[in-house]
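Structure first, then comments.
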Amino acid sequence: MEFHPLEKKENLFEGYKSVFQVGEISLLLIQHNAKTALIENRCGHFGYELESGKIETDTIVCSQHGISFSLITGEIANRPYENADPIRIFDIVCQDGFLGVVL
Ligand code: FES
């Protein structure tokens, strides 16, 4: 397990959304409603990239088929289809002014 710095804390702003690759995992860092979230950039339905998803109050809506996932728990917030799983949420670690993840 090691710390992977992703972004300087000072670079975040309301509406920030950026993708980072750590090993084989694509991560999406989001700042919305003054909250920061780090999620896997992969929909729990057919694996579509979530970076193009619309962010609503504490959720992200996949642009492919409209399933919405909680940015806090990763759970499915609406369920238009049965065959979907929650998305992965990662703890954000701050080290030396950088936000990152331990993987
Ligand atoms: S791939 Fe995301 S809702 Fe279907």
Side-chain angles (χ1 to χ4, degrees):
M1 302 278 271
E2 64 179 290
F3 177 70
H4 300 272
L6 302 176
E7 181 65 274
K8 276 188 174 176
K9 190 175 181 185
E10 66 195 35
N11 289 347
L12 261 67
F13 53 88
E14 186 62 24
Y16 176 99
K17 188 158 70 167
S18 194
V19 175
F20 300 90
Q21 190 73 30
V22 176
E24 296 188 351
I25 303 176
S26 177
L27 296 167
L28 183 59
L29 182 64
I30 295 166
Q31 172 101 2
H32 180 70
N33 276 351
K35 292 182 206 155
T36 310
L38 184 63
I39 67 174
E40 187 169 12
N41 184 26
R42 185 177 188 283
C43 179
H45 186 217
F46 285 147
Y48 197 77
E49 292 174 345
L50 287 173
E51 64 192 87
S52 56
K54 184 177 171 201
I55 296 173
E56 297 179 342
T57 314
D58 293 336
T59 64
I60 187 163
V61 184
C62 179
S63 60
Q64 219 34 21
H65 309 108
I67 296 180
S68 132
F69 299 91
S70 166
L71 291 171
I72 299 167
T73 66
E75 291 295 322
I76 297 165
N78 72 341
R79 190 179 272 283
Y81 303 94
E82 287 302 315
N83 57 335
D85 295 315
I87 58 170
R88 291 176 73 189
I89 302 287
F90 295 86
D91 290 333
I92 298 169
V93 177
C94 188
Q95 237 178 60
D96 300 326
F98 276 87
L99 301 179
V101 64
V102 175
L103 290 174

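- In the hydrophobic clustering of ILVMFWY residues, with side-chain heavy atoms under 4.5 Å counting as a link, M1 and V101 come out apart.
- To the nearest 0.5 Å, atoms CD (Q95) and NZ (K9) are separated by 13.0 Å.
- Side-chain contact between E40 and I87 is absent, with no heavy atoms from C-beta onward closer than 4.5 Å.
- Take F46 and apply the side chain to side chain contact (heavy atoms under 4.5 Å, CB included) test, not counting sequence neighbours, and it matches H65, N83.
- When side chains are defined from C-beta on, Y48 does not count as touching R42, because their heavy atoms never get closer than 4.5 Å.
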Mind listing the side-chain donor-acceptor pairs of residues 54-63 below 3.5 Å, one per line with the distance, residues two or more places apart or on another chain?
{"unit_1": "D58", "atom_1": "OD1", "unit_2": "K35", "atom_2": "NZ", "d": "3.0"}
{"unit_1": "D58", "atom_1": "OD2", "unit_2": "K35", "atom_2": "NZ", "d": "3.2"}
{"unit_1": "S63", "atom_1": "OG", "unit_2": "S52", "atom_2": "OG", "d": "2.9"}

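- Contact check for I30 versus T36: no side-chain heavy atoms found under the 4.5 Å cut-off.
- Looking at L6 and I92, their side chains never come closer than 4.5 Å, going by heavy atoms from C-beta outward.
- Hydrophobic clustering (ILVMFWY, side-chain heavy atoms < 4.5 Å, transitive): Y16 and I89 are in distinct clusters.
- The closest side-chain heavy-atom distance from L38 to L28 is not below 4.5 Å.
- Atom-to-atom distance recorded for Q64:CD and L50:CG is 10.5 Å, nearest 0.5 angstrom.
- Nearest heavy-atom pair, F3 versus F98, reported as atom, atom and distance to 0.1 Å: CZ-O, 3.8 Å.
- Without hydrogens or angle criteria, Q21 side chain to G23 main chain gives a donor-acceptor distance under 3.5 Å.
- A continuous path of ILVMFWY side-chain contacts below 4.5 Å connects F20 to F13, so both sit in one hydrophobic cluster.
- Between E14 atom CD and Q31 atom CD the span is 6.0 Å, to the nearest 0.5 Å.
- Between K17 and L29, every side-chain heavy-atom pair lies at or beyond the 4.5 Å cut-off.
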Per-pair distances, 0.1 Å, donor-acceptor, side chain in residues 66-76, under 3.5 Å, sequence neighbours excluded:
{"unit_1": "S70", "atom_1": "OG", "unit_2": "I72", "atom_2": "N", "d": "3.0"}
{"unit_1": "S70", "atom_1": "OG", "unit_2": "T73", "atom_2": "N", "d": "3.0"}
{"unit_1": "S70", "atom_1": "OG", "unit_2": "T73", "atom_2": "OG1", "d": "3.3"}
{"unit_1": "T73", "atom_1": "OG1", "unit_2": "E75", "atom_2": "N", "d": "3.1"}

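- With a 4.5 Å cut-off on side-chain heavy atoms, L12 and L99 count as touching.
- Between the side chains of N41 and E49, no donor-acceptor pair of N or O atoms lies under 3.5 Å.
- Looking at heavy atoms from C-beta onward, F90 lies in side-chain contact with L103 at the 4.5 angstrom threshold.
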